[in-house]
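A quick note: this is a predicted structure, and the numbers were derived from the prediction, not measured. Lettering follows sequence order; numbering is per chain, from 1.
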Amino acid sequence: MAEKTESASAAAISAPAPSAEPTRLWGDEVEDPSKRSWGDEVGEANASTTQLDLNVEGLTIDDESTIKAVTRSDTPYTSASTFEDLNLSPELLKGLYVDMKFQKPSKIQAISLPMILTPPYKNLVAQAHNGSGKTTCFVLGMLSRVDPNLKAPQALCICPTRELAIQNLEVLREMGKHTGITSECAVPMDIPIRKRPPVMAQIIIGTPGTIKKWMPSKKLGLSFVKILVFDEADHMLAEYGFKDDSLSIMTDIERSSAHCQVLLFSATFNETVRNFVTRVVKDYNQLFVKKEELSLESVKQYKVLCPDELAKVMVIKDRIFELGENLGQTIIFVRTRYSAGILHRSLAEFGYEVTTIMGAQKQEDRDKIVKEFKDGLTQVLISTDLLARGFDQQQVNLVINYDLPVKHDTPTEPDYEVYLHRIGRAGRFGRKGAVFNLLLGDMDKMRMEKIERHFGTQVAEVPSWNSDEDFKGALKAAGLL
DNA sequence: AAAAAAG
């Protein structure tokens, strides 16, 4: 059974920007599926593979940037080097090429889409780098598996925030523009459930609370649901407050529909979460990446030692605003709503234009802030971790960690997953970016060291917090100046 | 003085 893999391309996972030279993608290299090796990699000294069931065989997909695929031995998959390889409808292909302006599947798309679209439609746990095109994987999966002639909910996608649900729905509608497939957003809204008509849409994307609310009131029929997606799945299935809702949605669907394929996508699945998640989902294929290889090469990370709180504000005011002005957009992440407000007011006092988003605001205000930022009307956005995950704005190439993310129960520890998601807001689809971590005191220094150790990355120090030249140098090194 | 969803 086991044959040796031909080394696949080491090209970056990210698809090229539309204008960029097309890079060679993983799919290019595997013309002949019989050349691929099955099975002989499981059990090697790789933390990623130690948790596998014994009857699962492994396939080393790539020798360098390493998405590792583990599939059931009885279901062979051939990676897709083009979207035509996937038997998509002409309407869907038109959406991909004409409206989305896609050229070829990115690496994660090339590997995961055949797994999603090939009978018997196995479940999938898929990890891939930030900005590598995960959304397309599950959006295309849903659009392709839905029967356009059956006017009933057939696909469900659950997201952690209302912003992400809306963003995913926008992608789906653009991509599926010519298919006639209907879709609806299930996020909190003003109309009481009793007054709204039953859901007819074929694809529903929303947040767990709202979806869960619709189900028992019989507004959302589940009998025909055949594909269930969790975006940011590690968060949805592990985090207190999300976990119960997510699991109950999953069991409700399993109860009421014959065969439902479950897809879990995220850039992060720490070991605890992965152990749990793979117990919840049965008979799954999986794709994953070693944590040491999750940081994006194209995004340069820096640390800036600040003597006090005021210095942090000054860095943002004098360096980020002044230098970042022509570099694209910036997101400043803060740990609490409170510090979001403080920072916003200090910057506003200095006369700088900045907007802020956090969960405490009214939904319509949140929508407006996001829209203005996506339309490029605002340059700098302060955000809580509301936007840490999934938010896709290609013009963002500067991310500032005003404070480092910390674990709630052990604040001396950094939150590695949130850190990775935050910095992934820059460098979408292989673009260049820079991250500045503003550190205050020994505790921050220690947290930063832990992050470096965890991901095996070097975070360069900006020598002086108040030196214009130092920041210019950093931005030059990041390829932004 | 955690954030997100939601009640």
Side-chain angles (χ1 to χ4, degrees), chain A residues 156-169 185-194 196 204-217 219-220 229-250 252 266-268 273 309 312 331-345 356-367 369-370 381-391 399 401-422 424-425 440-441 443-444 447:
Chain A
L156 226 58
C157 172
I158 324 269
C159 316
T161 61
R162 122 191 212 95
E163 281 69 19
L164 199 45
I166 292 168
Q167 178 180 286
N168 286 338
L169 190 79
C185 204
V187 295
M189 43 189 100
D190 301 331
I191 317 153
I193 325 173
R194 295 177 8 174
R196 56 156 306 131
I204 292 97
I205 303 183
T207 47
T210 302
I211 288 177
K212 207 178 154 236
K213 207 164 71 182
W214 287 6
M215 291 191 321
S217 61
K219 293 294 181 187
L220 178 56
V229 179
F230 286 95
D231 193 8
E232 308 298 340
D234 59 327
H235 199 237
M236 302 308 293
L237 291 170
E239 198 71 12
Y240 178 79
F242 281 135
K243 185 176 173 179
D244 291 350
D245 284 353
S246 296
L247 291 178
S248 90
I249 291 170
M250 214 187 293
D252 273 17
S266 184
T268 51
V273 174
E309 196 80 20
K312 285 190 181 184
I331 299 181
I332 304 171
F333 282 108
V334 292
R335 200 166 57 79
T336 65
R337 297 169 172 186
Y338 178 77
S339 51
I342 295 277
L343 179 59
H344 184 105
R345 281 191 293 278
T356 301
I357 186 164
M358 57 177 120
Q361 292 157 335
K362 277 188 287 185
Q363 284 153 10
E364 50 186 299
D365 292 341
R366 284 164 59 169
D367 291 346
I369 302 285
V370 167
L381 177 60
I382 299 172
S383 175
T384 59
D385 286 323
L386 171 65
L387 292 190
R389 283 174 176 260
F391 183 71
V399 165
N401 279 326
Y402 188 79
D403 357 71
L404 289 175
V406 301
K407 288 184 178 155
H408 181 229
D409 19 344
T410 47
T412 54
E413 288 272 308
D415 188 320
Y416 303 108
E417 283 74 35
V418 174
Y419 180 83
L420 192 86
H421 284 281
R422 281 185 180 185
R425 294 321 98 209
L440 181 52
M443 187 66 89
D444 271 353
R447 293 187 185 114

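Less than 4.0 Å separates DNA chain B from at least one heavy atom of each of the following residues of residues 156-163 of chain A: A/P160, A/T161, A/R162.
Nucleic acid contact for A/S339: none, since no nucleic acid atom lies under 4.0 Å from a heavy atom of the residue. Among the atoms of the strands shown, only primed sugar atoms or phosphate atoms (P, OP1, OP2) are found under 4.0 Å from some heavy atom of A/K213. Within 4.0 Å of A/G359, counting heavy atoms only, lie sugar-phosphate atoms of the nucleic acid but no base atom. Counting any heavy atom pair closer than 4.0 Å across all strands shown, A/F333 reaches no nucleic acid atom.
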What verdict does the salt bridge (charged side-chain N to carboxylate O under 4.0 Å, His left out) test give for A/R335 and A/D415, after you've listed the backbone C-alpha separation in whole Å, the side-chain angles of each residue and the deciding distance to 0.1 Å?
CA-CA 11 Å; A/R335 200 166 57 79; A/D415 188 320; over 6 Å; no
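Once you apply a 4.0 Å limit to the heavy atoms of chain A, the touched nucleotides of DNA chain B run 5' to 3' over B/dA1 to B/dG7.
Of all heavy-atom pairs between A/G359 and A/R337, the closest is C-NH2, 3.7 Å. Between A/I193 and A/K213, the shortest heavy-atom distance links the atoms CD1-CG, 3.6 Å.
Residues A/F391 and A/I331 meet the side-chain proximity criterion, which asks for heavy atoms closer than 4.5 Å. The side-chain heavy atoms of A/T207 and A/T161, taken from C-beta on, include no pair separated by under 4.5 Å. Contact check for A/C185 versus A/I205: no side-chain heavy atoms found under the 4.5 Å cut-off.
We find that A/R162 and A/D367 are joined by a salt bridge, their nearest charged nitrogen and carboxylate oxygen being less than 4.0 Å apart.
Remark: the A/T268 side chain and the A/H421 side chain contain an N/O donor-acceptor pair separated by less than 3.5 Å.
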